[in-house]
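The block underneath contains the structure these notes are about, expressed in structure tokens.
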Protein chains: 4
Amino acid sequence: MGTTRDEQAEQRRTALMDAALAVFAAKGVDGASIKNIAAEAGVTPGLVYHYFESKTHLVTTVLRERGFGPRLRELLAEAADKPATEVLSLVVGGFQQVLADNAQLVELFFGASRSNDEIHAAMGDFVRDGRAMLADYLRSRAEAGELRPHDAEVAATALFATVAMGVRTATPIDAGELVRIVLLGTLVREGDFHD
Amino acid sequence: MGTTRDEQAEQRRTALMDAALAVFAAKGVDGASIKNIAAEAGVTPGLVYHYFESKTHLVTTVLRERGFGPRLRELLAEAADKPATEVLSLVVGGFQQVLADNAQLVELFFGASRSNDEIHAAMGDFVRDGRAMLADYLRSRAEAGELRPHDAEVAATALFATVAMGVRTATPIDAGELVRIVLLGTLVREGDFHD
Amino acid sequence: MGTTRDEQAEQRRTALMDAALAVFAAKGVDGASIKNIAAEAGVTPGLVYHYFESKTHLVTTVLRERGFGPRLRELLAEAADKPATEVLSLVVGGFQQVLADNAQLVELFFGASRSNDEIHAAMGDFVRDGRAMLADYLRSRAEAGELRPHDAEVAATALFATVAMGVRTATPIDAGELVRIVLLGTLVREGDFHD
Amino acid sequence: MGTTRDEQAEQRRTALMDAALAVFAAKGVDGASIKNIAAEAGVTPGLVYHYFESKTHLVTTVLRERGFGPRLRELLAEAADKPATEVLSLVVGGFQQVLADNAQLVELFFGASRSNDEIHAAMGDFVRDGRAMLADYLRSRAEAGELRPHDAEVAATALFATVAMGVRTATPIDAGELVRIVLLGTLVREGDFHD
DNA sequence: TATGAATGAGGATTCATTCAT
DNA sequence: GATGAATGAATCCTCATTCAT
């Protein structure tokens with residue numbers, strides 16, 4: 001009934017990623033040292049290299065396994081047959097919740113190393129992936145006639161970036177209000193609009 | 001008509017800030033070393049400390065004097081008596097232009113050190129200032145009855161964050177489309193909306 | 001007819017020494033890590049310590065059991081009753097062949113760790129032994145009146161070192177020419193010689 | 001009358017190379033750490049990098065500036081118009097003297113890093129250069145009719161390698177005897193020779 | 001036998017900063 | 001003003017070795 005060797009190893013790996021996430025959040029990726037992370041996890045620096053071949057690998061793994069990608073996928077899957085107005089509220093609210101639960105992730109992204117090209121590139125991919133998922137959903141609603149034709153990448157970026165920036169600057173965004181703006185706009189008389 | 005001592009000093013200071021901005025953009029704040037910056041400016045590391053008392057001071061000074069705050073202020077001032085629909089297009093387009101012209105600034109912000117608390121705090125202030133300026137404008141248009149009542153901070157964040165994120169992820173945002181979304185929304189039938 | 005426990009163990013030991021020799025040749029003694037050697041042998045680092053009590057022991061064992069001592073002994077034994085001129089050609093040629101076949105040995109010697117005194121000492125013994133064997137042969141030929149009296153250690157060193165250095169610097173030595181020089185000299189008129 | 005800044009810097013550089021040579025000799029190139037070398041010179045590790053951009057550069061610089069190349073060049077230049085028998089005695093004796101004075105050099109070469117390809121290559125070049133200088137001299141004597149036609153590279157290698165190996169194995173070679181063997185050979189009756 | 005998790009010391013290197021010149 | 005030598009601490013990472021499983 002005791003944990004097996006493999007289970008213990010898996011726990012260690014998990015613990016190291018937890019520790020990494022915490023330290024990245026507190027000090028940023030560049031500011032976090034392997035020593036910091038090891039200490040946070042209560043192990044020796046050398047052990048980190050037993051589980052992750054380099055700091056770069058550690059960062060990209062944390063990003064892949066702990067990023068909001070998996071969570072966002074769930075949210076969109078679950079919300080497949082509801083009206084867009086509800087779905088977007090769920091997505092934005094859920095997204096904000098994920099970020100709130102893992103303030104570290106936002107810091108991870110915004111504080112992402114520019115001093116390490118590999119990490120920087122991974123960071124970009126990661127954001128683009130998330131945005132593409134949301135944009136795909138928006139496009140499908142436009143095709144379904146529920147949303148007017150629009151640049152879904154722009155709308156997705158707006159939803160995503162606004163929430164993230166709100167967290168980053170410690171100015172929480174009201175998710176409902178954000179969805180309202182993106183769905184209904186802010187203009188009183190539509191006729192006033194001209195490019 | 002030779003330059004005076006003070007002018008020379010001012011030129012050096014300017015040159016050092018130019019160099020710092022360039023290196024920050026290329027390598028991020030944490031990745032930039034004083035040696036790098038000095039080399040970029042064609043001087044020795046020691047001299048940097050004649051003009052800026054520490055790396056932290058150098059960063060915060062660059063941020064204050066070279067941030068997009070001043071530019072944003074200009075843009076909003078110029079656009080003071082035009083309809084919101086036009087003003088926002090100008091502001092967003094102009095903002096995007098500023099960022100495009102100074103990709104360094106975006107990098108400076110996104111790549112801002114989390115490993116140095118003082119720098120991190122300065123970064124936050126700087127973003128909040130910009131957003132507040134835009135929100136003030138939006139609020140004034142709502143009071144004037146041109147825009148419907150809405151959370152201006154959220155809308156300002158959306159405009160600001162979306163453009164910035166687009167630059168950051170090398171996925172340029174269509175400014176017109178962004179303004180259209182924020183002003184007109186994306187929903188086909190307003191009646192479909194419910195919180 | 002299956003292999004016994006002892007045979008298996010012996011095979012493992014042999015495999016580990018093969019792996020060690022290969023890695024030493026490729027990276028030098030200092031550059032080779034236990035992990036490298038274990039990987040080369042397809043086992044885990046821990047197992048190496050089952051067969052060899054330390055890296056030092058592994059190196060000295062490889063040196064003793066795989067050094068060219070054994071091969072040199074064979075060459076000299078086979079060549080026991082032929083004229084010196086033929087014997088030396090055989091010995092030098094054979095020696096060069098041994099080195100060519102086991103470039104690893106040359107690297108092992110030349111790349112021998114100075115950072116570990118024990119290994120360094122073992123290395124010295126090993127070379128001195130080889131040289132002594134060749135010198136013994138030369139002395140016996142001088143006593144037999146075939147060679148003029150000379151310092152056999154010097155001649156042996158010359159033969160040995162020249163071939164080895166040639167291999168080390170990737171400049172193969174013509175064995176026949178080396179023997180010719182050591183047996184006949186290079187001077188046109190012997191009378192020209194004076195100390 | 002005080003030393004200038006440049007002079008002091010030059011002294012430091014010299015002192016660092018002295019220290020490096022000493023530590024390389026004592027522990028081998030791989031065994032020598034920058035910390036060791038800095039301590040030997042009485043400075044901080046960081047300073048080593050102010051003068052030499054990497055450990056590799058330090059090693060190759062020491063080799064180039066302190067190797068026996070410069071010394072060998074002098075010996076051959078001085079010896080230009082003397083009979084080969086005398087010249088070679090001078091060269092071999094002088095060479096042995098250089099090695100005796102800088103036992104470190106021999107260790108440097110023999111202990112040369114195999115774990116660093118760049119250093120290993122530099123080491124090879126360095127030996128080949130020295131050998132080429134001696135071979136050129138031998139060829140010129142053969143053309144002058146003083147030495148019989150022979151493979152000068154082989155003879156040069158023999159002279160060079162034998163002395164070096166003697167030092168390396170702490171078995172000093174009698175320089176006179178070595179020259180005698182290479183000039184006169186060891187065979188009693190030349191007619192006995194056959195390939 | 002064999003594994004691979006874990007350690008702790010040490011490796012090369014970089015860096016912000018100071019200060020004599 | 002300007003230089004660049006010097007520091008010392010911190011960085012990522014590697015390694016020989018041990019030991020519970």
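So you know, we letter chains A, B, ... as the sequences are listed, proteins then strands, and number each from 1.
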Using whole Å, what does the distance between atom [atom2] of nucleotide [N] and atom [atom1] of [X] come to?
X	N	atom1	atom2	answer
A:F52	E:dA5	CZ	P	12 Å
C:R12	E:dT1	CZ	C1'	9 Å
C:E53	F:dC19	CD	C1'	17 Å
A:Q8	E:dA6	CD	C1'	12 Å
C:L16	E:dT1	CG	P	12 Å
D:D6	F:dA5	CG	P	8 Å
C:E7	E:dT1	CD	P	12 Å
A:Q11	E:dG4	CD	C1'	16 Å

- Does the pair B:E65 and B:R13 meet the rule for a salt bridge (Lys or Arg N to Asp or Glu O under 4.0 Å), with working shown? CA-CA 12 Å; B:E65 302 192 10; B:R13 212 183 95 101; 2.5 Å; yes
Closest heavy-atom contact between [X] and [Y]?
X	Y	result
C:I34	C:P45	CG2-O, 4.1 Å
B:A32	B:F24	CB-CD2, 3.6 Å
A:A38	A:T44	CB-C, 3.7 Å
D:R66	D:D18	NH1-OD1, 2.7 Å
D:A22	D:E40	CB-OE2, 4.1 Å

- Query: Looking only at side-chain N and O atoms, does D:S33 come under 4.0 Å of OP1 or OP2 in E:dG11?
  - Reply: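 So the side-chain polar atoms of D:S33 do come within 4.0 Å of the phosphate oxygens OP1 or OP2 of E:dG11, strictly under.
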- Query: 5'-most contact on DNA chain E: B:S54 or D:T56, nearest heavy atom basis?
  - Reply: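 Residue closer to the 5' terminus by nearest nucleotide: D:T56.
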- Query: By a strict heavy-atom criterion of less than 4.0 Å, which residues belonging to residues 42-50 of chain A are in contact with DNA chain E?
  - Reply: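 Within residues 42-50 of chain A, the residues near DNA chain E are A:V43, A:T44, A:G46, A:L47, A:H50.
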- Message: Please name the nucleotide paired to F:dT21 by Watson-Crick or G-U wobble geometry with both distances under 3.5 Å, or report none.
- Response: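 Partner of F:dT21: E:dA2.
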- Item | C:K55 side-chain proximity, nearest of E:dA12, E:dA16, F:dA16 |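 Nearest to the side chain of C:K55 among the choices is F:dA16.
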- Among E:dT13, F:dC12, F:dT17, which nucleotide sits nearest the side chain of D:I34?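 Per side-chain heavy atoms of D:I34, the pick is E:dT13.
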- Given A:S33, which of A:I37, A:D30, A:N36 fulfils the side-chain contact (heavy atoms from CB on, under 4.5 Å) condition?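 Going through A:I37, A:D30, A:N36 one by one, the side-chain contact (heavy atoms from CB on, under 4.5 Å) with A:S33 is satisfied by A:N36 alone.
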